[in-house]
Colleague: 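Structure below; questions to follow.
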Amino acid sequence: MKKPSESPATVRVLFRPNWVNVWFFRLLAKPYALVAGNEHECDWKSPTDLTVGSGKLRVTVDVRYRGTHSNLGAGIFDGNISAGETLSLVARNGVMNQMPFRVSPLAG
């Protein structure tokens with residue numbers, strides 16, 4: 001029998017940069033999500049599905065300019081996820097490039 005923390009669940013991460021700087025980010029940066037100590041390269045135009053264990057959850061999102069290793073605009077979501085659940089999160093930044101991403105559940 002699996003422990004509750006080992007039961008699979010899915011986190012779906014969708015990046016939605018502000019309309020003012022979306023062109024800049026799509027051209028010069030890549031989005032990333034860090035879940036359970038594993039970093040995942042994401043996509044600007046489509047959601048990224050990540051398999052996680054059930055229980056407590058921390059998702060950190062950020063961007064990295066191409067050719068660099070610095071994580072910028074980090075935003076954090078803390079919550080819980082149940083086995084078999086798909087939790088859809090949206091990451092939005094502010095008007096200025098240096099503003100951190102806000103990570104929240106995607107409304108219905």
Side-chain angles (χ1 to χ4, degrees):
M1 184 169 153
K2 289 185 176 183
K3 296 178 187 174
S5 63
E6 296 175 356
S7 299
T10 302
V11 174
R12 180 170 289 147
V13 181
L14 178 63
F15 281 82
R16 289 284 185 230
N18 188 285
W19 67 271
V20 171
N21 54 29
V22 65
W23 67 272
F24 185 80
F25 276 129
R26 285 188 178 165
L27 182 65
L28 298 175
K30 291 293 281 178
Y32 290 86
L34 179 68
V35 181
N38 297 311
E39 184 177 69
H40 305 273
E41 187 174 311
C42 297
D43 191 281
W44 289 118
K45 295 183 180 181
S46 59
T48 301
D49 286 350
L50 308 169
T51 301
V52 298
S54 60
K56 287 186 176 185
L57 174 71
R58 172 169 273 196
V59 178
T60 304
V61 301
D62 54 56
V63 297
R64 193 174 300 152
Y65 289 114
R66 296 179 193 276
T68 69
H69 299 288
S70 298
N71 298 335
L72 305 169
I76 297 173
F77 173 84
D78 286 315
N80 291 298
I81 191 165
S82 301
E85 179 182 2
T86 297
L87 175 62
S88 295
L89 299 175
V90 62
R92 291 184 167 95
N93 70 318
V95 175
M96 305 299 290
N97 290 350
Q98 71 270 23
M99 293 178 140
F101 281 87
R102 292 180 320 274
V103 187
S104 56
L106 187 61

Colleague: V22, V95: one ILVMFWY side-chain cluster at the under-4.5 Å cut-off?
Modeller: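 Unlinked, V22 and V95 end up in two clusters.
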Colleague: Taking side-chain contact (heavy atoms from CB on, under 4.5 Å) as the definition, give me every residue that meets it alongside L50, ordered by chain and number, with sequence neighbours left out.
Modeller: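 With neighbours one apart ignored, the set is V13, A33, V35, H40, T48.
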Colleague: Between V63 and L72, does a side chain to side chain contact (heavy atoms under 4.5 Å, CB included) hold up when you go through it step by step?
Modeller: CA-CA 5 Å; V63 297; L72 305 169; 4.2 Å; yes
Colleague: Go through the structure and list residues passing side-chain contact (heavy atoms from CB on, under 4.5 Å) with S104, not counting sequence neighbours.
Modeller: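 S104: side-chain contact (heavy atoms from CB on, under 4.5 Å) contacts with V90.
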Colleague: Applying salt bridge (charged side-chain N to carboxylate O under 4.0 Å, His left out), which residue pairs with at least one partner in residues 91-106 are found, sequence neighbours left out?
Modeller: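 Passing the test, one end in residues 91-106: no pairs.
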Colleague: List in chain and number order the residues that pass salt bridge (Lys or Arg N to Asp or Glu O under 4.0 Å) with R58, two or more places apart in sequence or in another chain; answer none if no residue qualifies.
Modeller: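 Checked R58 against salt bridge (Lys or Arg N to Asp or Glu O under 4.0 Å); matches are D78.
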Colleague: Kindly state each residue pair satisfying salt bridge (charged side-chain N to carboxylate O under 4.0 Å, His left out) with at least one member in residues 18-30, sequence neighbours excluded.
Modeller: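 Salt bridge (charged side-chain N to carboxylate O under 4.0 Å, His left out) check on residues 18-30 returns K30-E41.
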Colleague: Which residues satisfy the side-chain contact (heavy atoms from CB on, under 4.5 Å) test with A36, sequence neighbours excluded?
Modeller: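 A36 satisfies side-chain contact (heavy atoms from CB on, under 4.5 Å) with no residue once adjacent residues are dropped.
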Colleague: Hey, quick one: are L57 and V103 part of the same hydrophobic cluster, counting side-chain heavy atoms closer than 4.5 Å, chains of contacts allowed?
Modeller: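 Yes, because L57 and V103 connect within a single hydrophobic cluster, where side-chain heavy atoms sit under 4.5 Å apart.
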Colleague: Going from CG on N93 to CG on N21, what distance comes out if it is rounded to the nearest 0.5 angstrom?
Modeller: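 The distance works out to 4.5 Å.
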Colleague: Could you give all pairs that pass the ring pair (Phe, Tyr, Trp, His ring centres under 6.0 Å) test and reach residues 54-98, with sequence neighbours left out?
Modeller: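 Sorted result for residues 54-98: F24-Y65.
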Colleague: Can you see which heavy atom on A74 is nearest to which on T60, and at what distance?
Modeller: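 Looking at all heavy atoms of both residues, the closest pair is CB-CG2, 4.3 Å.
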Colleague: Any idea which heavy atoms bring P47 and L14 closest together, and the distance?
Modeller: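 Heavy atoms only, the tightest pair is N-CD1, 3.9 Å.
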Colleague: Taking salt bridge (Lys or Arg N to Asp or Glu O under 4.0 Å) as the definition, give me every residue that meets it alongside E85, ordered by chain and number, with sequence neighbours left out.
Modeller: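 Salt bridge (Lys or Arg N to Asp or Glu O under 4.0 Å) list for E85, sorted by chain: empty.
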Colleague: Is V11 reachable from Y32 through a run of hydrophobic residues whose side-chain heavy atoms are each under 4.5 Å from the next?
Modeller: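 No, it is not one cluster - the side chains of Y32 and V11 are not joined through contacts under 4.5 Å.
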Colleague: Just jot down the side-chain contact (heavy atoms from CB on, under 4.5 Å) partners of T10, sequence neighbours excluded, or say none.
Modeller: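 With neighbours one apart ignored, the set is D49, T86.
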Colleague: Can you tell me how far CZ of R12 sits from OG of S46, rounded to the nearest 0.5 angstrom?
Modeller: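 Rounded to the nearest 0.5 Å, the OG-CZ separation comes to 10.5 Å.
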Colleague: Restricting to ring pair (Phe, Tyr, Trp, His ring centres under 6.0 Å), what partner residues turn up for F15, sequence neighbours left out?
Modeller: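 Listed in chain order: W44, F101.
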Colleague: Nearest heavy-atom pair of S54 and A83: which atoms, and what distance?
Modeller: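 In terms of heavy atoms, the two residues are closest at CB-N, 3.4 Å.
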Colleague: Who pairs with N71 by side-chain hydrogen bond (donor to acceptor under 3.5 Å, both in side chains), at least two apart in sequence or on another chain?
Modeller: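 Result, side-chain hydrogen bond (donor to acceptor under 3.5 Å, both in side chains) vs N71: R64.
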Colleague: Nearest 0.5 Å, what's the CD1-CG distance between I81 and L89?
Modeller: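 I81 atom CD1 to L89 atom CG measures 8.0 Å (nearest 0.5 Å).
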